Amino acid sequence: AHGVFDSRERAFRFYNLENKAEYFLKEGASQETVIEFITSIETKKQEFNQATAIEGKKQIVQEVISLWKDFTDKIEV
């Protein structure tokens with residue numbers, strides 16, 4: 001049960017990043033950049049949910065962190 005909670009919590013955090021990206025869109029960020037980021041996060045959520053090994057999930061989380069950093073660099077937050 002603990003693993004299920006972790007997956008749900010992580011998916012919720014991915015969703016939060018999507019919401020933050022949409023906020024930046026309202027604040028003037030490029031629509032193309034926001035859509036690209038949200039699409040990437042959707043892909044990562046699917047990969048995370050399909051990953052069976054903890055190491056695979058950790059790798060995906062690191063990739064999401066990197067995507068977020070790249071996104072915020074592009075929109076100059």
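We count residues from 1, following the sequence as given. Since the model is a prediction, treat every value here as computed from it, not as a measurement.
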Taking all heavy atoms of [X] and all of [Y], pick out the closest pair and write down the distance.
X	Y	result
Leu67	Ser40	CD1-CB, 3.8 Å
Leu25	Gln31	CD1-CA, 3.5 Å
Leu17	Phe37	O-CE2, 3.7 Å
Ile41	Phe14	CG2-O, 3.7 Å
Ala51	Gly56	CB-C, 4.4 Å
Ile38	Glu22	CD1-CG, 3.7 Å

Practice task
For a side-chain contact (heavy atoms from CB on, under 4.5 Å) with Glu55, tell me which candidate from Lys57, Gln59, Lys58 qualifies.
Solution key: Lys58
Handout entry: Min side-chain heavy-atom separation Lys45-Phe48 under 4.5 Å
Key = no
Handout entry: Polar side-chain atom of Thr33 near backbone of Ala29 as donor-acceptor pair, under 3.5 Å
Key = no
Practice task
Look only at the side chain of Thr72 and the backbone of Trp68, and say whether a donor-acceptor pair between them is shorter than 3.5 Å.
Solution key: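 Such a contact is found between Thr72 side chain and Trp68 backbone.
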Exercise for the section: Taking only Lys NZ, Arg NE, NH1 and NH2, and the carboxylate oxygens of Asp or Glu, determine whether Asp70 and Lys74 approach each other closer than 4.0 Å. Expected result: no
Practice task
Could you tell me whether Lys20 atom NZ has more than 12 heavy atoms of other residues or ligands within 6.0 Å of it?
Solution key: no
Exercise for the section: Treating Ile, Leu, Val, Met, Phe, Trp and Tyr as nodes and any side-chain heavy-atom pair under 4.5 angstrom as an edge, say whether Ile75 and Ile35 lie in one connected cluster. Expected result: no
Fill in the blank from the handout: Output for pair (Lys44 NZ, Gln46 CD), nearest 0.5 Å, gives 11.0 Å
